[in-house]
Amino acid sequence: QVQLVESGGGSVQSGGSLHLSCTTSPRTNRIMAWSREAPGNEERERVSAVSDSGTATYAESAKGRFTISRDNAKKMLYLQMDSLKPEDTAMYYCAASGYASAAYSSPPLARYEYTFWGQGTQVTVSS
């Protein structure tokens, strides 16, 4: 079992920045990812994922604006979000894959690869 707790959400104006954090318990070598669910949208969009060695993948919507990172010693996952847009407004979730990072050739973005989820942190971007 992996327990995940997100923090760092809030309200910002368009063009602003936010830094999301996720604590993991216990320390894990799984792929870690950020996903988001916008209001009225039942689909949970994958944003970015990172392996335990730091290899990252990004959705097109996140490339060039978001940076995912992790600190394995501190059991932390991060998402630095810059140049935020109103369409980034969503509940952001931290997730951990079903298998260790070594089982994957690259960090996947497909939802079915992730077994453990946090409760989410709300991000609101106003225009």
Side-chain angles (χ1 to χ4, degrees):
Q1 289 289 332
V2 179
Q3 294 185 331
L4 306 170
V5 179
E6 304 92 338
S7 63
S11 297
V12 296
Q13 291 191 327
S14 182
S17 297
L18 281 174
H19 186 76
L20 304 185
S21 299
C22 173
T23 60
T24 69
S25 180
R27 178 175 173 174
T28 180
N29 60 359
R30 300 172 190 265
I31 301 284
M32 300 296 297
W34 288 99
S35 297
R36 66 187 183 185
E37 192 168 312
N41 189 348
E42 294 183 357
E43 284 291 320
R44 193 167 289 187
E45 177 191 5
R46 205 69 66 244
V47 174
S48 184
V50 62
S51 70
D52 62 345
S53 64
T55 300
T57 54
Y58 295 91
E60 285 298 319
S61 60
K63 286 181 180 177
R65 299 189 300 125
F66 295 0
T67 303
I68 192 171
S69 61
R70 63 192 288 173
D71 186 326
N72 295 325
K74 294 182 178 179
K75 299 183 290 184
M76 295 292 295
L77 173 71
Y78 305 105
L79 185 68
Q80 176 65 37
M81 303 189 296
D82 300 316
S83 301
L84 283 162
K85 306 173 182 179
E87 51 263 44
D88 295 317
T89 295
M91 185 71 78
Y92 282 71
Y93 296 91
C94 174
S97 62
Y99 301 98
S101 294
Y104 303 90
S105 57
S106 64
L109 292 179
R111 179 175 181 175
Y112 68 84
E113 297 283 5
Y114 294 88
T115 302
F116 305 99
W117 295 86
Q119 293 301 305
T121 185
Q122 179 66 40
V123 170
T124 302
V125 184
S126 59
S127 58

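Side chains are part of it too, since the values below use all heavy atoms of this structure and drop only hydrogens, waters and symmetry mates.
Defined by atom type and a distance below 3.5 Å, a donor-acceptor pair is missing between the side-chain atoms of S35 and R44.
Through side-chain heavy atoms spaced under 4.5 Å, either directly or across other Ile, Leu, Val, Met, Phe, Trp or Tyr residues, V12 is tied to V2, L4, L18, L20, M32, W34, V47, V50, Y58, F66, I68, L77, L79, M81, L84, Y92, F116, V123, V125.
Here the closest heavy-atom approach between residue T23 and residue M76 is recorded as CG2-SD, 3.3 Å.
Judged as a disulfide bond (SG atoms under 2.5 Å apart), the pairs with a partner in residues 8-115 (not counting sequence neighbours) are, in order, C22-C94. Within the structure, the side-chain hydrogen bond (donor to acceptor under 3.5 Å, both in side chains) test picks out the following pairs touching residues 9-22 (sequence neighbours left out): S17-D82, H19-Q80.
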Where do S61 and E45 land on the side-chain hydrogen bond (donor to acceptor under 3.5 Å, both in side chains) test, with the steps shown first?
CA-CA 10 Å; S61 60; E45 177 191 5; 2.9 Å; yes

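In this view, S97 and R30, I31, Y104, Y114 satisfy the side-chain contact (heavy atoms from CB on, under 4.5 Å) rule, not counting sequence neighbours. With sequence neighbours excluded, the residues that form a side-chain contact (heavy atoms from CB on, under 4.5 Å) with T55 are S51, S53, P107. Partners of S83 according to the side-chain contact (heavy atoms from CB on, under 4.5 Å) rule, which considers only residues two or more places apart in sequence or in another chain, are R65.
Counting heavy atoms from C-beta on, the side chains of Q119 and V5 never come closer than 4.5 Å.
Of the possible polar contacts, none joining the N72 side chain to the R27 backbone as a donor-acceptor pair under 3.5 Å is found. E113 places no side-chain N or O within 3.5 Å of a backbone atom of G98 that could act as its donor or acceptor partner. Between the side chain of N41 and the backbone N or O of A38, no donor-acceptor pair lies under 3.5 Å.
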